[in-house]
Amino acid sequence: MQIPAPMKLTSKNQIYLVTGGCGFLGKHLVEMLLEQEPNLAEVRIFDLHLDESMRSLDRVTLIQGDISKPEDVKPAVKGAHVVIHTAGLVDVWGRVPPEKIMAVNKQGTNNVIEACVAEGVQYLIYTSSMEVVGPNTKGHHFYRGNEDTKYDSVYHHPYPLSKAKAEQLVLEANGKSMPNGKQLVTCALRPTGIYGENHLLMKDFYEKGLVTKKYMIRAIPASVEHGRVYVGNVAWMHLLVARKIQEDPSTIGGQVYYCYDDSPYKSYEDFNMEFLKPCGFRLLGSRPLVPFFLLQLIALVNVILQWLLKPFCVYAPILNTYTLVIVSTTFTVNTNKALRHFGYTPRFTWEESRNRTIRWLQEISAEKQVEK
């Protein structure tokens with residue numbers, strides 16, 4: 001379908017809707033919009049669990065609702081200029097039933113698309129994930145790949161499957177005709193592993209490390225590399241693409257972009273130690289101290305136990321067969337597509353991103369000391 005010709009400037013007094021705006025990325029994105037978007041009139045935050053502290057922010061409106069319910073989504077979308085859909089359930093441990101993950105990630109995304117079409121909201125940006133591509137369950141490495149790299153995406157876990165289906169819905173909706181005579185313009189951003197202040201998984205690693213007296217054991221070879229990206233740069237990329245999708249929809253519409261910055265390629269363990277070491281943590285071993293076959297056995301036992309205990313309780317350890325594949329398979333990105341299409345360069349250097357994350361962890365450490 002024909003996409004409208006590029007405009008010179010985005011319109012004034014814009015209303016942005018951020019689904020999942022009280023989440024890890026969502027909060028950083030809202031903050032970035034408030035600070036850096038000159039045409040902003042209002043940010044609507046749509047979330048199931050509201051952070052009431054955000055209600056005092058200037059130009060912010062909090063809307064409580066369930067993304068899996070169309071009747072909740074449609075009123076929030078009405079009158080918006082741009083929708084940035086970050087809401088989703090991230091669960092690779094089995095804490096949430098598969099049907100719930102699919103309802104939120106796939107059906108919720110479909111609800112957003114249908115609401116945009118019904119209300120004539122022309123621009124939709126979807127926060128996807130690297131896991132719509134991989135690492136795959138075969139353990140094939142993705143080394144310095146880009147958006148056009150051929151890769152056998154094989155997965156059966158509910159989370160990557162739901163995100164892949166949701167991304168497909170978003171991209172297929174690009175160019176869809178709306179009752180007001182306009183056409184929907186969509187794109188998807190795929191962050192690799194996001195880190196930064198208020199990252200709950202990083203906080204979990206920190207607190208588990210306290211139990212072992214700040215000693216951690218190397219389990220994965222340092223040669224297994226992963227792409228990581230600072231949350232502030234992911235938010236910045238969303239803001240830039242939101243501007244460009246309005247100015248040049250023919251370029252952005254229907255595209256996918258990996259989120260990237262200058263963060264170094266390292267194993268998950270070595271990367272996490274960039275922040276934990278300044279807090280007094282030590283990683284033992286230059287090579288894995290646990291045989292890989294033993295990790296595979298523990299992961300398999302955890303999966304079996306999860307299945308056996310399902311009728312009685314939620315057993316969801318960090319290590320399972322899927323998470324083991326993720327941490328033991330290289331997945332790194334090398335692309336400049338976002339630079340070429342909408343002028344993206346990281347707003348925060350690696351040093352700034354690292355220091356901000358370390359300060360946050362040190363604040364947690366100080367709070368722990370006060371509690372003693």
Side-chain angles (χ1 to χ4, degrees), residues 3-4 7 9-23 25-48 50-51 54-55 57-88 104 107-128 166 169-171 173-189 235 237-249 252-254 342:
I3 300 297
M7 298 183 296
L9 293 170
T10 56
S11 59
K12 301 290 184 180
N13 300 320
Q14 292 202 318
I15 298 172
Y16 276 72
L17 171 65
V18 180
T19 71
C22 294
L25 172 60
K27 285 184 178 179
H28 284 269
L29 176 55
V30 169
E31 180 182 347
M32 185 70 69
L33 287 168
L34 292 172
E35 290 181 356
Q36 301 297 329
E37 181 48 64
N39 297 322
L40 184 70
E42 178 190 6
V43 181
R44 295 178 186 167
I45 296 174
F46 180 90
D47 213 309
L48 183 60
L50 299 181
D51 182 346
M54 301 180 76
R55 198 176 292 279
L57 295 174
D58 183 43
R59 295 175 291 168
V60 166
T61 302
L62 294 184
I63 304 171
Q64 188 167 34
D66 186 340
I67 201 75
S68 65
K69 296 180 178 179
E71 64 272 21
D72 287 1
V73 177
K74 193 174 178 181
V77 169
K78 186 176 182 178
H81 294 89
V82 180
V83 174
I84 303 180
H85 177 37
T86 77
V104 171
Q107 185 56 46
T109 299
N110 191 63
N111 292 341
V112 172
I113 293 169
E114 290 187 349
C116 285
V117 171
E119 298 297 335
V121 178
Q122 196 171 5
Y123 306 106
L124 171 60
I125 297 151
Y126 175 58
T127 307
S128 186
L169 288 173
V170 169
L171 299 179
N174 183 63
K176 193 170 185 177
S177 297
M178 300 189 289
N180 61 3
K182 296 180 180 179
Q183 293 171 337
L184 184 63
V185 187
T186 69
C187 70
L189 272 57
M237 184 179 282
H238 279 73
L239 183 149
L240 292 180
V241 82
R243 291 175 182 169
K244 191 67 175 181
I245 200 172
Q246 300 174 74
E247 297 168 0
D248 190 3
I252 305 300
F342 52 92

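No side-chain donor-acceptor contact under 3.5 Å links Asn111 to the backbone of Val73. At distances below 3.5 Å, at least one donor-acceptor pair connects side-chain atoms of Arg44 with backbone N or O atoms of Ala76. Put simply, the side chain of Ser128 never gets that close to the backbone of Leu189: no donor and acceptor are under 3.5 Å apart. The closest donor-acceptor contact from the side chain of Gln183 to the backbone of Ser177 lies at 3.5 Å or more, if one exists at all. With hydrogens and angles ignored, the 3.5 Å screen pairs a side-chain donor or acceptor of Asp72 with a backbone N or O of Asp66. A donor-acceptor pair is defined here as one N or O able to donate and one able to accept, closer than 3.5 Å; such a pair exists between the side chain of Asn174 and the backbone of Thr186. In this structure, Arg59 contributes its side chain and Leu34 its backbone to a donor-acceptor pair below 3.5 Å. Here the side chain of Thr19 pairs a donor or acceptor atom with the backbone of Ala87 at under 3.5 angstrom.
For the atom pair Ile113 CD1 and Lys176 NZ, the distance stands at 7.0 Å (nearest 0.5 Å). Here the straight-line distance linking atom CG of Asn180 with atom CD of Gln122 works out to 7.5 Å at 0.5 Å rounding. To the nearest 0.5 Å, atom CG of residue Leu25 and atom OG1 of residue Thr127 are 5.5 Å apart. Rounded to the nearest 0.5 Å, atoms OG1 (Thr61) and CE (Met54) are 11.5 Å apart. Between the CE atom of Met237 and the CD1 atom of Ile125 there is a distance of 12.0 Å, given to the nearest 0.5 Å. Gln107 contributes atom CD, which lies 10.5 Å from atom CD1 of Ile67 (distance to the nearest 0.5 angstrom).
Nearest approach of Cys116 to Val83, heavy atoms of both residues: SG-CG2, 3.9 Å. Scanning both residues, Gly21 and Thr86, for their nearest heavy atoms gives N-OG1, 4.5 Å. Scanning both residues, Val43 and Leu40, for their nearest heavy atoms gives CG2-CD2, 3.4 Å. For the residue pair Ala242 and Val82, the shortest heavy atom distance occurs at CB-CG1, 4.3 Å. Closest approach of Val241 and Ile252 over heavy atoms only: CG2-CG2, 3.8 Å. Residues Ala80 and Val121 share a closest heavy-atom pair of O-CG2, 3.4 Å.
Residues satisfying the side chain to side chain contact (heavy atoms under 4.5 Å, CB included) test with Leu171, not counting sequence neighbours, are Glu167, Ala188, Val256. By the side-chain hydrogen bond (donor to acceptor under 3.5 Å, both in side chains) test, Arg55 is found to be paired with Glu52, residues two or more places apart in sequence or in another chain being considered. Scanning for side-chain hydrogen bond (donor to acceptor under 3.5 Å, both in side chains) contacts around Asp51 gives Lys27, Ser53, with sequence neighbours left out. Evaluation of the side chain to side chain contact (heavy atoms under 4.5 Å, CB included) rule for Glu114 yields Asn110 as partners, not counting sequence neighbours. Checked against ring pair (Phe, Tyr, Trp, His ring centres under 6.0 Å), His238 has no partners two or more places apart in sequence or in another chain. Judged as a ring pair (Phe, Tyr, Trp, His ring centres under 6.0 Å), and not counting sequence neighbours, Tyr16 has no contacts.
A heavy-atom distance below 4.5 Å is found between the side chains of Val60 and Ile45. Residues Glu37 and Arg243 form a side-chain contact, since some pair of their non-hydrogen atoms from C-beta on lies under 4.5 Å apart. Taking the side chain as every heavy atom from C-beta outward, Leu33 and Val18 approach each other to under 4.5 Å. For the pair Pro179 and Val117, the minimum side-chain heavy-atom distance is below 4.5 Å.
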